[in-house]
There are 2 protein chains.
Amino acid sequence: MSSIKEVAHLAGVSTATVSRMMANKSYVSDDTRARVQAAIDELNYQPNRVAQRLREQQSRILGLIVSDIQNPFFSELARSVEKFAQGRGYSVFICNTDEDGAQEQRYLDLMQQEKVAGLIISPTRQVAKRLERLAKSNLPIVTIDRQVDSSFDAVLIDNEDAALRLTERVIASGYQRIAGIFGHLSFTAEERLAGFRKALEAHGMQPHSMLRTPAFENEGYSAMESLLCASGPPDAVVCSSALLATGAYQAVKAAGLELPEAFGFACFDDPAWARCVSPRVTVIRQPTKLIGESAAELLFKRVENGQRSASLIRLQGELVERESLR
Amino acid sequence: MSSIKEVAHLAGVSTATVSRMMANKSYVSDDTRARVQAAIDELNYQPNRVAQRLREQQSRILGLIVSDIQNPFFSELARSVEKFAQGRGYSVFICNTDEDGAQEQRYLDLMQQEKVAGLIISPTRQVAKRLERLAKSNLPIVTIDRQVDSSFDAVLIDNEDAALRLTERVIASGYQRIAGIFGHLSFTAEERLAGFRKALEAHGMQPHSMLRTPAFENEGYSAMESLLCASGPPDAVVCSSALLATGAYQAVKAAGLELPEAFGFACFDDPAWARCVSPRVTVIRQPTKLIGESAAELLFKRVENGQRSASLIRLQGELVERESLR
DNA sequence: ACATAATATGTAATCGATTACACAATCATT
DNA sequence: AATGATTGTGTAATCGATTACATATTATGT
């Protein structure tokens, strides 16, 4: 890797001139410009970004810290953030924390130290403690999927309302003993639980049960299995995430229950399988692309103006009615 | 963000002493050590990694460039690489290219300029042209899922063999007019196509058709749809990727064909829906975690010894027989 | 023709760390 | 007590860029 010095030497100019020529702004004569360009081509020179960052104290890189890269919601989101950022000439570094607070902290530190221009993050609950430190650093941050504090920009759907509408749809089908399976770590799950409960209360019903488990496929399976094996099993279930639902769905199938007659099934997100199985599954679909774009846009606004006050963008989840309910 | 200078000043020592103290290696008296530590705590000092990298010309960061972050294969892979790297004290920056050669090139340059310690990449076909440049730079590189050149370390499954076994399984069920739908960009798809063809030839059969399309769900749908609408439609299909298969499967359903009697279905990867639908779908499952770990391990070996000759790890895909075939 | 502005380039400081080298103090050895 | 080894610390160069400032040259306006 050749440096600016070598280019300058080969072109017979100073490094300042090379730098100016590349920045393309101030006065450089056509003659010099050509000689420098020739040297650059000759040496296949690319400026050292690390040195640039040290000097400029900033980069055209965004960080994206997601809690679960395997969740289709987050991977689609990553793609849309990436697309948007690219249009603005930025690159995106994606990091995965698996809902692990320590890991998340490490990546937060890393991003800060790497001087990324801004950060989009789906924060775990644990992060809340270090809020002050984060807020003090001037790193622009937008949270997605979860809102941690009104001092941060945030983009998320109205989870409580979405859960409420989804649950009402289940109630409207006439199911009587409705169970809920929710993640146990995230704010998101909490809000969805609240909506679930509210919908039932509004109809004078009791939840059959409300389980909170780690958000993995096998946890969803065992949670559903245990519900179905107990005496007085539920006749419908609402799941708070795609991964949980994937497991739960298989447990329902394994128990030999026919949808939608014998059992009602509804969940959040719109995983591919919800469209492939028959009857297809009723879901709340998140406007994932829009969430990613809004988050990126908000982030750029803050990058440009660190002082603007935090805004919260609440989007609506879309109820996609399919045949998994009566 | 406070710098080493401020720490040094507060502790009444030189920056060299602070640096030595942090590196924890050479002689620093207990007394000084304590004073410096106090200053560090006081100022909440964290070394600037950008400056460190500029000086040391290397970092403890790995790059992972994937061609499609939405593909469950890659997201699971990302997770396993991440886990492995973390155990060695490394962080991972994931980048997504969407099979776009230009985007890939940008990220390759970026990674080089960012001085990552090493790179794991699922290269698009287009990258082949810039091989020399890559090979010249001393950046350790491991390719996954695809092999570009024997001069690079690579980890992948034996795609041809896997496709051959999968196709043989379809043939064994007695289907007569077997179609194949393959991605049109990747090496991987090519190898799978070769295996598909070989299996049929070995049984003296002709492929009903071999479509090559962009690897997206909707492309899979329209490809399958057009096959089914034509006169003399196939009675079974093999898909080369999960995303294509997701679309193709829905097209089969939409056409009202009953699996496995009226139609046979088989594909690569083991997406969640292949387990959720009934009858469940026969697939080739890749040892994704193992691929990620092997790639990371290989990469670390090369990071430690840049001179070792390239090795190729070929793993086996696992044929998971389910009820989607007679 | 002269003052002023615009253009073109170089010098050197700077970003924040690491480390070779120099030097001083302490310790051990004979 | 003299010598050499060990320990502890500071000075300053270095990594590779950017840019404020100085300076020289050329163009412009009156």
Side-chain angles (χ1 to χ4, degrees), chain A residues 1-40 43-61 109-117 137-138, chain B residues 1-40 43-61 109-117 137-138:
Chain A
M1 277 268 78
S2 42
S3 75
I4 197 172
K5 251 187 209 162
E6 302 170 49
V7 173
H9 182 251
L10 183 59
V13 298
S14 74
T15 61
T17 301
V18 177
S19 177
R20 284 195 205 98
M21 183 276 190
M22 297 212 72
N24 216 20
K25 47 183 176 193
S26 54
Y27 325 113
V28 178
S29 71
D30 290 352
D31 177 56
T32 310
R33 187 172 293 274
R35 283 211 324 286
V36 172
Q37 186 59 56
I40 288 175
L43 296 174
N44 192 14
Y45 167 70
Q46 288 187 300
N48 181 323
R49 283 183 185 251
V50 177
Q52 282 180 327
R53 273 238 282 308
L54 176 58
R55 172 65 211 222
E56 313 229 297
Q57 304 288 349
Q58 55 137 322
S59 64
R60 293 173 76 82
I61 296 177
D109 289 346
L110 185 64
M111 290 295 184
Q112 237 182 95
Q113 292 165 16
E114 290 289 338
K115 310 274 182 237
V116 296
S137 83
N138 283 324
Chain B
M1 276 271 77
S2 42
S3 74
I4 197 171
K5 252 188 209 163
E6 302 171 49
V7 173
H9 184 250
L10 183 60
V13 298
S14 74
T15 61
T17 302
V18 177
S19 177
R20 284 194 205 101
M21 184 273 190
M22 298 212 71
N24 216 17
K25 46 183 178 196
S26 53
Y27 325 114
V28 179
S29 71
D30 291 351
D31 177 58
T32 311
R33 187 173 293 274
R35 284 209 325 284
V36 171
Q37 186 59 56
I40 287 175
L43 296 174
N44 192 14
Y45 168 70
Q46 288 187 300
N48 181 321
R49 284 183 183 251
V50 177
Q52 282 180 328
R53 273 238 283 305
L54 175 58
R55 173 65 212 224
E56 314 230 292
Q57 304 286 351
Q58 55 140 321
S59 66
R60 293 173 75 81
I61 296 177
D109 289 346
L110 187 63
M111 290 295 184
Q112 237 181 97
Q113 290 164 16
E114 290 289 338
K115 310 276 183 232
V116 296
S137 83
N138 283 326

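Chain naming here is simple, since letters A, B, ... match the order of the sequence lines and numbering starts at 1 in each.
Considering all non-hydrogen atoms of both residues, A51(B) and N48(B) come closest at N-OD1, 3.0 Å. Of all the heavy atoms in S59(B) and K115(B), the pair that sits closest is OG-O, 3.0 Å. Contact record, Q57(A) with L54(A): NE2-O, 3.2 Å, taken as the closest heavy-atom pair.
Taking atom CD on Q57(A) and atom P on dG16(D), their separation rounds to 18 Å, with Å as the unit. Atom CZ of R53(A) is separated from atom P of dG16(C) by 14 Å (rounded to the nearest Å). Per the geometry, CG belonging to L54(B) stands 17 Å off P belonging to dA13(D), to the nearest Å. Between the CG atom of D30(A) and the C1' atom of dT9(C) there is a distance of 15 Å, rounded to whole Å. Atom CG in L43(A) sits roughly 14 Å away from atom P in dG16(D) (whole-Å rounding).
With sequence neighbours left out, D30(A) forms a salt bridge (charged side-chain N to carboxylate O under 4.0 Å, His left out) with no residue at all.
S14(A) comes within 4.0 angstrom of a nucleotide base, judged by non-hydrogen atoms across all strands. Contacts of V50(A) with the nucleic acid, taken as non-hydrogen atoms under 4.0 Å apart, are absent.
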If the sugar-phosphate is the primed atoms plus P, OP1 and OP2 and the base is the rest, what is the B/S/- string for nucleotides 17-23 of chain C, using protein heavy atoms under 4.0 Å?
BBBB---

Could you pull out all donor-acceptor pairs under 3.5 Å where a side-chain atom in residues 12-22 of chain B meets a protein atom, sequence neighbours excluded?
from   : atom 1 : to     : atom 2 : distance (Å)
S14(B) : OG     : A16(B) : N      : 3.3
S14(B) : OG     : T17(B) : N      : 3.4
S14(B) : OG     : T17(B) : OG1    : 3.4

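Using a 4.0 Å cut-off, some side-chain N or O of S29(B) falls inside it from OP1 or OP2 of dT9(D).
When each of R53(A), Q112(A), E114(A) is checked for a side-chain contact (heavy atoms from CB on, under 4.5 Å) with R49(B), only E114(A) meets the rule.
Minimum atom distance to the side chain of Y27(B) is reached by dG8(D), of the listed dG8(D), dA8(C), dG10(C).
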